Every structure is written in structure tokens, then in C-alpha cells.
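First listed ligand is number 1; within each ligand, the first listed atom is number 1. All values reported here derive from a predicted model rather than from experimental measurement.
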Amino acid sequence: MSEKETGRRDDLFYQQKNGYDCIDLDERLKLEAYCDGYKAYLDASRTEREAVREAIRQAEERGFVPYRRGMALEPGTKVYKDIRGKALILAVLGQETLEQGANIAAAHVDAPRLDLKQLPLYEDSELCYFKTHYYGGIKKYQWLAIPLELHGVVTKKDGETIDLVIGQDPEDPKFVITDLLPHLGKDQMAKTAAEVIPGEGLNLLIGSVPYADEGADRVKLAVMSLLNDRYGITEEDFLSAELEAVPSFPTSDIGLDRSLIGGYGHDDRVCAWAELAAIYQVDTPRRTAVCILTDKEEVGSMGVSGMQSQAFESFMADLCEAQDVRLRDCFANSFCVSADVCNGFDPNFPEVSEKRNGAKLNYGMGICKFTGSRGKSGSNDASAEVVGTLRRIFADNKVVWQMAELGKVDQGGGGTVALFMANRDIDTIDAGVPVLSMHAPYEIVSKFDCYMTYKGMLSFYKDR
Ligand code: MN
Ligand code: MN
């Protein structure tokens, strides 16, 4: 082939490169440092409450203060709004007024898990258990025979709310849901994966030693005594508790080259961290930068701390009113990156992806123009102009990115908070980190993609 033909090909064809062919040693070092910060954040954030608490702790160290109505809002002012301890909005005021719109990034910090039921405690055959109700889209069989921790809060009758964390400290005991031995698994193995373990079978083993008396439920009594000694609670206190069983897996590097990260809850704390790390770097942006860590995405973004809640409008309206700007004008000129993970192409399961349009590990931040299912049903489907805006910003800032699609047409589907932002008259697009084993107790991401998602967020905050 002639030199002329090669040049023509380079000019006309879209060619993607492996991310590691696009960065130098200096950037590789930055990538590692960035991922060290992420791993620490993920380990500190087993639940949405912990993810919010840790973000507030860090933000305050960096000069963010709780928003108070009437406070002075100058360009560069850094404020945050804690939404009932389960969601968080941070903002850095821009040089321009909010009439020019804000640059908004929205990630979620809830993750699939097993919530304890409101009357969870029972004894069966002299073993003690907690009954659970799963939260979010899980493959139930993946939660058997793995170590689990308990995290959450108990609100007592007098109104006091206490934190309860058992299993995170290496010295702590863990909990587990048992599975059937293969020797007796003939009937179980013939079931479909959805039926292997019924929802009511997700019962957490929590004790086996009986209380030294003569009555009924002696193991349950012994367990309740331990909880009472340590936390001062009685069985009735579970009625007003939110306790979550989550995988007890520390975040780890994966692979001989340590290029991947394994952990629980990458979806979507990996994007939450990208937003946080980016907004920490923003001092006085042109447009106001807004970082949202929302809750309840995995169950439809409902609830007071979900993205459909008016809590977001209230906060933004407060900022707008301080500048004598109408909220609807602010929204109409705003742009939102719905920062959520996408599925990475998995060579073990090639049949569900369309190779030309699926996101690949190490190819950078994944932009998802649309999500939904079947004929894009339930999708935000960002416009060409919206995609073009990010394309320009990322090209100017050497952000390695790729188009992503949630599997083959008619293979399945899913959604994010994007449509709820777009419903507010805000231009919105999904973008985030490709994940393997999404929604499993242990998910995998590539360090390169994590870093590029951060770089994408930072360039968005600075350059739109
Ligand atoms: Mn997600
Ligand atoms: Mn999810």
C-alpha cells in the first residue's frame, strides 16, 4: 500500500488506541497516585452514608463550608449541602452568575446490598440469623458463602441515632449466608440461576451459642444480649434501624501488572470519587461547578435523598436567589454529566456486547449517549450537540475517552439519573468508568479508565 493511501486512512477513519499507548511515564505516575486516593475513599465508603460522611470530611479540609441561607456567595466560595446524611451536593461558585448555568456532575453513592428487615432477628435449629431484603439489582447466588459486614444506624425510641459497624476491622467477626454443599446439590443445580436461592433464603448467620438459661430461643437471647451490651439496643430498636450487609472485601489491585482495581461498590463510587477529586481542584471556575453524590439510584432515584427529590432544586434555588437569578434560567443554561459506570466488554461473555460500540477496558472514560432498553425505551439519549460539547472539551484537554453502549440491542438494558436531570431542562449525558462484573459483590475497573474519568470531570468543570 502506498504512503498516500495510509495517510488517507489516517485522515478519514476513526481509530481508537489502547490508553497506555496515549500517555507518558509522568501521567502513569499521576494515574497511580489518583487511584491510591480512590482506593482509600472506597474502603472508607461501604454505604451511602459513609460515602457522604467521608466526602464531607475531605471537603471541609479543603475549605468547603455548609451552605447557610443568607451567606455571602462570592466567586470561588465553596459550599456543600448535606441531604439527610445520605446524599451530598458541593458547589464552587463561578465568576459568571448562575444565569449562565452551572456545570453539574451527578454520581450515586448507593450500591447493591442486603438490607436487614425491620424484624430481622430469629433462631432456627439453635442457630441465629438476620433476615434480609436485597436492595438494587443483584444476582442473589453471588451473595452466598462470602464474608459480609454490617454497617448502618439504629434510631432509638428516645430519638438518639447510633452507628453500628461490625466486620470492617480485621479483628471483627464477619457474617455469612450459607450455600448448599455440591454433594446434595442435585436439585439446586437443576434450577435457573434466578431460582438457586430465593429472596427469603438470604438469611445471615450471626451466632450459635445458647444463653445459659432454660427458656426458648436461647441463641437469639445470647445474640441480643451481646448487642445490648455493646450498643444498648433491644429487639424493638430494629424497627427503626437501617442496617446494610455488604461484602467484606478490602479494595485490592488486580493482575500481575496491578492495572485493575477489585472492590465492592465501584458502581458508582468510582465516579463519585472522580467528581470529588476534580471539584477539589477547582478554585474559581468560569461557571459554577456542582458535584452531586446522590442516593437511591439503584432503586429508581426515588425518595428524599434520590435524584428525583426536590432537595436538588432547593439548594440550586437558594444559590440562584442569592444572585437574583431564576432557577429555570440557570437550569436551561446548565450542563450535566451523569457520572455513572458503563459495562466494559468482557471477553468471557462476548455474546452480550456489540464489539464496535461497547466500551473496552483501558480505552478511557466511557460516554453513553443513551441507556434504556429495547428501542432506547426509558433513555435520556443526549443530542449530537451535547456529545459534541464533551468531545471538544476532551480533545482540548487530552482526555482519552470512548463511546459506550449498554450491551447488544435487545439484550437487556438499564438506566441512570440522566433522565431526571434532563427532565429539569438541563442538557445531560452519561459518562463514566467501564466496569467488569458490575453489581457483583466484587467489581473490577481499570486504573487508566478511573484516571481518565477524573481528568474528564476536571476538564468539564474548567472548560465548559
Ligand atoms: Mn450506577
Ligand atoms: Mn448500578
- Say you draw a straight line from NZ of Lys39 to OG of Ser252; how long is it, rounded to the nearest 0.5 Å? 8.5 Å
- Message: Can a side-chain donor-acceptor contact be found between Asn380 and Thr428 if the only test is distance below 3.5 angstrom?
- Response: no
- Message: For the Mn ion (ligand 1), give me the closest N/O/S atom belonging to Asp267, just the atom name.
- Response: OD1
- Glu298: its N/O/S atom lying closest to the Mn ion (ligand 2) (atom name): OE2
- Query: Do Lys376 and Phe370 meet the cation-pi criteria used here (NZ or CZ under 6.0 Å from the six-membered ring centre, within 45° of the axis)?
  - Reply: yes
- Item | Pair His439-Glu298, side chain to side chain donor-acceptor pair (under 3.5 Å): steps then yes or no | CA-CA 10 Å; His439 282 208; Glu298 296 294 359; 3.2 Å; yes
- Query: Can you tell me if an N/O/S atom from His108 lies under 2.8 Å from the Mn ion (ligand 2)?
  - Reply: no
- Item | Test: Arg62 cationic atom under 6.0 Å from Tyr280 six-membered ring centre, within 45° of axis | yes
- 2.8 Å cut-off met by an N, O or S atom of Glu297 to the Mn ion (ligand 2): no
- Task: Could you tell me whether any N, O or S atom belonging to Asp340 is less than 2.8 Å from the Mn ion (ligand 1)?
- Result: yes
